[in-house]
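Everything numeric in this text was worked out from a predicted model, so none of it was measured. Values reported hereafter were calculated over all heavy atoms of this structure, with side chains retained and with hydrogens, waters and symmetry mates removed.
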Amino acid sequence: MNDPVLLIDASDPQISVLTLNRPAKRNALSLELIEHITAGVLAAQSDLNRRVIVLRANGPAFCAGLDLKEASTPGNAHRSAEALAKMYEAVGSSPLVTIAAVQGAAMGGGAGLLAACDLVVAADDLRLSYPEVKRGLIAALVTCLLRRQLSDRRARELILLGQTIDAARALELGLVSRVVVAAALNDEAMSLAREACGGAPGAIARTKRLLDELSARPLVDDLRIALGHHLAARESSEAAEGMAAFMEKRAPKWKPREA
C-alpha cells in the first residue's frame, strides 16, 4: 500500500499539523495532494476546538510546485486548476491561524501555498521561485496572494523574471515571517502555533475577515478572475512548448508574441 500523500497529526486538540508526504517527488502538487490539503484544512476548521493549522513537508524540499507531468495530461488542466484555486481559497480564507514551515525548494504553486498562509517560518536553506513564465504559464492564482503582501514593483519582479531567491531575500521582501536554521524549523513553527492559541478565537477569525474585506476585492473574487487567465495560459501553445522543454531539460523555443 502506498503511503498517504498528506499526513495529519491532530494529537494536539488545538493545533492540526498537515504534512505534505511526496518526498520522492519533492512534494509536487498532484491533484490528489491538492484535494487532500483542501480537505485537511476544511476538516480542521470544522472542529471548533482547533485554533491553528501548521503546514509542513517531509523531505528536503517543501514543494516543487504543480506536478507538471500530471498537469500536462490531456483533460487535467481544468480539474487541477480549479482544485488549486479551491486549495488557495481554503488556506487563505481559513478562520484559523495558518502557519507554513518551509525548507529547501518552494517553487511555483508550492511557493503559492506558503503565500496563502498567515505566517511563514523558513529554514535558512529556502530557495523560492515563481518560474511560471519560463514554462509558458502565468502565476495567476499566486498573484492574487502576492498582491496582498508585496508592493506592485516587488510582485512584478518575482513573477515577471521568475528568479529564484534565498531565505534572506524572502525575509527582506516580507514573503516569510522569520528565518531559522533548518534543525529548528518545526520547533519554531510549533512555538508560533502555541502562541497563536493565546488569542481569542472569535477575535482572530474576525480580524482575518476584516483584513480580507479591506483588500480591493475578497480573495475568492480575485481567484475567480485569476482562474480564467490561468486556464488560458495552461491551454496555450506556449505552455505546451514550455512544459516540453522542461521535461526534455532544454531551453524553450518561444515564438514571437501574437498581435
Next item on the list: Please tell me if the side chains of I8 and H36 come closer than 4.5 Å, counting only heavy atoms from C-beta onward.
Entry: no
Checklist line | Pair S215-R147, side-chain donor/acceptor within less than 3.5 Å | finding: no
Note to self: So that I can tick it off, tell me whether D221 and R224 are bridged by a salt bridge, with the cut-off set at under 4.0 angstrom between side-chain N and carboxylate O.
What the structure shows: yes
Note to self: Can you see whether S11 engages D9 through a side-chain donor-acceptor pair at a distance of less than 3.5 angstrom?
What the structure shows: yes
Margin query: One pair to check against side chain to side chain contact (heavy atoms under 4.5 Å, CB included): R234 and S80. What are the steps and the verdict?
Written below: CA-CA 11 Å; R234 283 274 292 274; S80 66; 2.5 Å; yes
Next item on the list: Working to the nearest 0.5 Å, report the span between CD of E89 and OG of S94.
Entry: 11.5 Å
Check: Distance from I15 atom CD1 to M190 atom CE, nearest 0.5 Å?
Finding: 4.0 Å
Notebook entry, point to check: Would a hydrophobic clustering, with Ile, Leu, Val, Met, Phe, Trp and Tyr connected at side-chain separations under 4.5 Å, put L113 with V179?
Noted result: yes
Next item on the list: Determine the sole option in K25, R22, R26 for which the side-chain hydrogen bond (donor to acceptor under 3.5 Å, both in side chains) test with D67 is passed.
Entry: R22
Checklist line | G174 backbone acceptor or donor facing Q149 side chain under 3.5 Å | finding: no
Note to self: Ignoring hydrogens, what is the shortest heavy-atom contact between L84 and H230? Give both atom names and the distance.
What the structure shows: CD2-CE1, 4.4 Å
Item checked: Within-4.5 Å side-chain heavy-atom neighbours: V102 and L128 -> no
Notebook entry, point to check: For the hydrophobic clusters of this structure (ILVMFWY residues joined by side-chain heavy atoms under 4.5 Å, transitively), does one cluster hold both I53 and I34?
Noted result: yes
Check: Is it the case that one hydrophobic cluster holds both L185 and V52, taking links as side-chain heavy atoms less than 4.5 Å apart, direct or via other members?
Finding: yes
Next item on the list: Calculate, to the nearest 0.5 Å, the distance between atoms CZ and CG belonging to R56 and L114 respectively.
Entry: 15.0 Å
Margin query: A side-chain contact here means heavy atoms from C-beta on lying under 4.5 Å apart; do R51 and V97 qualify?
Written below: no
Check: Between T98 and D118, is any side-chain donor less than 3.5 angstrom from a side-chain acceptor?
Finding: yes
Notebook entry, point to check: So do R178 and L192 actually touch side chain to side chain, heavy atoms under 4.5 Å?
Noted result: yes
Next item on the list: Hey, could you give me the CG/CD distance between D12 and Q14, rounded to the nearest 0.5 Å?
Entry: 6.0 Å
Next item on the list: Apply side chain to side chain contact (heavy atoms under 4.5 Å, CB included) to L158 and L173, showing your working.
Entry: CA-CA 10 Å; L158 283 174; L173 291 175; 4.2 Å; yes
Next item on the list: Could you tell me whether the side chain of S129 and the main chain of G162 form a donor-acceptor pair under 3.5 Å?
Entry: yes
Margin query: Walk me through whether Y130 and T143 qualify under side chain to side chain contact (heavy atoms under 4.5 Å, CB included).
Written below: CA-CA 10 Å; Y130 301 97; T143 298; over 6 Å; no
Margin query: For a quick test of reading the model, state the closest non-hydrogen atom pair linking A106 to L126 and the distance between them.
Written below: CB-CD1, 4.0 Å
Next item on the list: Would you check if L231 and H78 make a side-chain contact, meaning some heavy-atom pair closer than 4.5 Å?
Entry: yes
Next item on the list: Could you tell me which non-hydrogen atom of Q45 sits nearest to which non-hydrogen atom of P95, and how far apart they are?
Entry: OE1-CD, 3.5 Å
Note to self: Donor-acceptor check, side chain of N27 to backbone of A61, threshold 3.5 angstrom: yes or no?
What the structure shows: yes
Check: For the side chain of R50 and the backbone of A10, is there at least one donor-acceptor N/O pair under 3.5 Å apart?
Finding: yes
Check: Would a distance-only check, ignoring hydrogens and angles, find a side-chain to backbone donor-acceptor pair under 3.5 Å from S177 to V120?
Finding: yes
Checklist line | Closest heavy-atom pair and its distance - C144, D222 | finding: SG-O, 3.3 Å
Check: Is the closest side-chain heavy-atom distance between I159 and E132 below 4.5 Å?
Finding: no
Check: How about C63 and L20: do any of their side-chain heavy atoms sit closer than 4.5 Å?
Finding: yes
Check: Say you draw a straight line from CZ of R156 to CZ of R154; how long is it, rounded to the nearest 0.5 Å?
Finding: 15.0 Å
Notebook entry, point to check: Can you get from L96 to L219 by hopping between Ile, Leu, Val, Met, Phe, Trp and Tyr side chains that sit under 4.5 Å apart?
Noted result: yes
Next item on the list: Rounded to the nearest 0.5 Å, what's the gap from CG on L29 to CG on L66? Could you check?
Entry: 6.5 Å
Note to self: Please give me the minimum heavy-atom distance between L18 and I37, naming the atom from each residue.
What the structure shows: CD1-O, 4.3 Å
Item checked: Salt-bridge criterion met for R79 and E70 (N-O under 4.0 Å) -> no
Margin query: Checking L227 against L223 for the side chain to side chain contact (heavy atoms under 4.5 Å, CB included) test, could you report, in this order, the C-alpha distance in whole Å, the side-chain angles of both residues, the deciding distance, and whether it holds?
Written below: CA-CA 6 Å; L227 186 58; L223 287 170; over 6 Å; no
Checklist line | A189 versus I99, closest heavy-atom pair with distance | finding: O-CD1, 4.0 Å
Notebook entry, point to check: Shared ILVMFWY cluster between V54 and F62, side chains joined below 4.5 angstrom?
Noted result: no
Next item on the list: Ignoring hydrogens and angles, tell me if any N or O in the side chain of S191 forms a donor-acceptor pair with the backbone of E188 under 3.5 Å.
Entry: no
Check: Under a 4.0 Å N-O cut-off, is there an ion pair linking R250 with E241?
Finding: yes
Note to self: I'd like to know if R169 pairs up with E157 as an ion pair, taking the criterion as any Lys NZ or Arg NE/NH1/NH2 lying under 4.0 Å from an Asp or Glu carboxylate oxygen.
What the structure shows: yes
Next item on the list: For the residue pair T164 and R127, confirm or rule out a side-chain donor-acceptor distance under 3.5 Å.
Entry: no
Checklist line | E238 side chain reached by M243 side chain, heavy atoms, under 4.5 Å | finding: no
